[in-house]
There are 2 protein chains.
Amino acid sequence: MPEMPDKKARLTDAAADLIYRKGFAHTTLADIAAAAKVALGSVYYYFKSRNDVARAILERRQFEIEQLFEKIDRLQTPRERLRALVEVWIETRDNDARYGCPIGSLCHELAKGRGPLSGEAAEPFKMLLGWCEVQFRLLGKPDQEAVALGLHLVAALQGISLIANALGDPDTILAEAAYLGDWLRDV
Amino acid sequence: MPEMPDKKARLTDAAADLIYRKGFAHTTLADIAAAAKVALGSVYYYFKSRNDVARAILERRQFEIEQLFEKIDRLQTPRERLRALVEVWIETRDNDARYGCPIGSLCHELAKGRGPLSGEAAEPFKMLLGWCEVQFRLLGKPDQEAVALGLHLVAALQGISLIANALGDPDTILAEAAYLGDWLRDV
DNA sequence: GTCTATAAGGCGATAGAC
DNA sequence: GTCTATCGCCTTATAGAC
C-alpha cells in the first residue's frame with residue numbers, strides 16, 4: 001500500500017473493518033472516527049466525503065487481491081493456482097459465513113442502483129475474472145471457453161459466500177470448495 | 001397471495017419494486033407512500049414498522065418462488081425442471097444486470113450483520129436449495145451429493161447475478177446459463 | 001381509515017478556535 | 001493538523017383532526 005499518514009491508515013483500517021462487518025449503509029462516519037480514535041471533524045481532513053472513504057476501501061481490496069495473486073502466481077501450474085484461490089475461501093469461511101465475502105459484499109452494496117461508485121465497485125470483480133481467465137488459457141482452453149470457465153468459478157465462489165452468509169453456515173463453503181476442487185481436477 | 005386490502009396491496013407492490021431497484025437501505029417510507037399514492041402516515045396503519053415492510057416483501061418473494069415451483073413441477077423429468085430454473089435467469093437477465101437478483105439482493109442486504117431479519121431472510125434460499133436437492137435426488141443422486149449439487153447450482157445462479165449486476169452486463173448471465181445447461185445434461 | 005403536522009433523533013458536512 | 005460545536009437536512013414514528 002502506498003505510504004499513508006498514520007492517522008489516515010488508522011481511519012482506513014477502522015472503516016474497512018466496520019464496513020465489512022456492518023455494511024457501508026449501516027456504518028457512520030462517527031462510528032469510524034470512534035473506532036480509529038480520531039475526532040469526527042478530522043475525518044474530513046483525510047477524506048473529501050463519505051463516498052471517498054468507500055473508494056479508499058475499494059482500493060484497499062484491489063491491493064489485497066494483487067497481493068494474493070502475487071503470492072499464488074509463484075505456484076508452478078495454473079491448476080495449482082486455481083486450487084489455491086479456492087483454498088482462500090476455505091480458510092476464510094467462518095468470516096464469510098458471518099459477514100459475507102469482503103469483496104462481494106462491498107461490490108454488491110456499491111454497485112446496486114447504479115450509484116456514483118458503481119464503476120469503481122466492479123473493479124475487484126474484473127481483476128478476479130481476468131486472472132482466472134488467464135489461468136484457464138494457460139491450461140490450454142480457447143479464449144471464449146477460458147472466459148466462461150472464469151465466470152463460472154468466480155460466480156460459484158461469490159454465490160456460495162452469499163448462501164453461507166444468509167444461512168450463517170460455513171460448512172456450505174466447505175462443501176462447495178470440495179466440489180470445485182474436483183471440478184478443477186477434471187476441467 | 002392471501003387477500004389484502006387494496007391499499008395494503010398497493011403499498012406492498014410499490015415497496016417491492018422500489019426496494020428491488022434501489023435497495024432496502026436507500027428506500028424510505030416516504031418514497032413507498034408516494035409511489036403507492038398513499039399518505040405517509042397511513043403506512044403505519046398497515047405496517048407496524050419499516051422492518052415489517054421488509055418482512056412483507058420477503059413473504060412475497062417466497063410466494064413467488066412457490067408459484068414458480070408449482071409451474072415448473074409440471075414438467076416431466078427433474079432434468080427438464082432444473083433446466084427450467086436456469087431459463088428463468090435467462091429471461092430476467094436484463095433486470096438482474098441492472099438491479100441484481102430480486103431474491104439474492106434482498107436476502108443479502110437483510111442477512112448482513114445478523115440484523116433482526118436475518119432469520120427470515122434465509123428462507124427464500126432454503127426454498128431454492130431444498131427444491132434443487134429434491135430434483136437431484138429424483139435424478140438418482142445419493143443424499144449428500146444431491147445437497148452438494150443443489151448448493152452448486154444455486155451458488156452459480158446467485159453468483160452470476162452478482163457479477164452481472166456489478167459489471168452491468170446481462171451477457172454474463174447468458175454465458176453462465178449456457179454453461180449450466182451443458183452441465184445439467186451431463187450431471 | 002385516512003389524512004396533515006410534527007416530534008425526536010441521527011447523520012453528513014462545515015465553521016472556526018487552538 | 002486536530003479538535004469541539006453546530007447547522008441543516010432527512011427519516012422514522014406518533015399525535016390527533018376529520
Notebook entry, point to check: Regarding A:Ser42 and A:Lys7, is there a side-chain donor-to-acceptor distance under 3.5 Å anywhere?
Noted result: no
Check: Atom CZ of A:Phe24 and atom C1' of C:dC11: how far apart are they, to the nearest Å?
Finding: 12 Å
Note to self: Taking the nucleotide of DNA chain D with the nearest heavy atom to each, does A:Leu40 or B:Leu29 sit closer to the 5' end?
What the structure shows: A:Leu40
Item checked: Selected nucleotide, minimal atom distance to A:Ala39 side chain, candidates D:dC3, C:dC3, D:dT11 -> D:dC3
Notebook entry, point to check: Taking atom NZ of A:Lys22 and atom CG of A:Asp17, what is their separation to the nearest 0.5 Å?
Noted result: 10.5 Å
Next item on the list: For D:dT2, take OP1 and OP2 only and decide whether either is under 4.0 Å from a side-chain N or O of A:Lys7.
Entry: yes
Next item on the list: Report yes if at least one side-chain N or O of B:Ser42 is closer than 4.0 Å to OP1 or OP2 of C:dC3; otherwise report no.
Entry: yes
Notebook entry, point to check: Is there a donor-acceptor pair closer than 3.5 Å between any side-chain N or O of A:Asn165 and the backbone N or O of A:Ala97?
Noted result: yes
Check: Is there a donor-acceptor contact under 3.5 Å from the side chain of B:Glu109 to the main chain of B:Ala25?
Finding: yes
Margin query: With side-chain hydrogen bond (donor to acceptor under 3.5 Å, both in side chains) as the test, pick out the partner of B:Glu64 among B:Gln67, B:Arg61, B:Arg60.
Written below: B:Arg61
Next item on the list: Over 60° means perpendicular and under 30° means parallel, so classify the ring planes of A:Trp131 and A:Phe69, tilted if in between.
Entry: parallel
Check: Which of residues 44-52 of chain B have a heavy atom under 4.0 Å from DNA chain D?
Finding: B:Tyr44, B:Ser49, B:Arg50
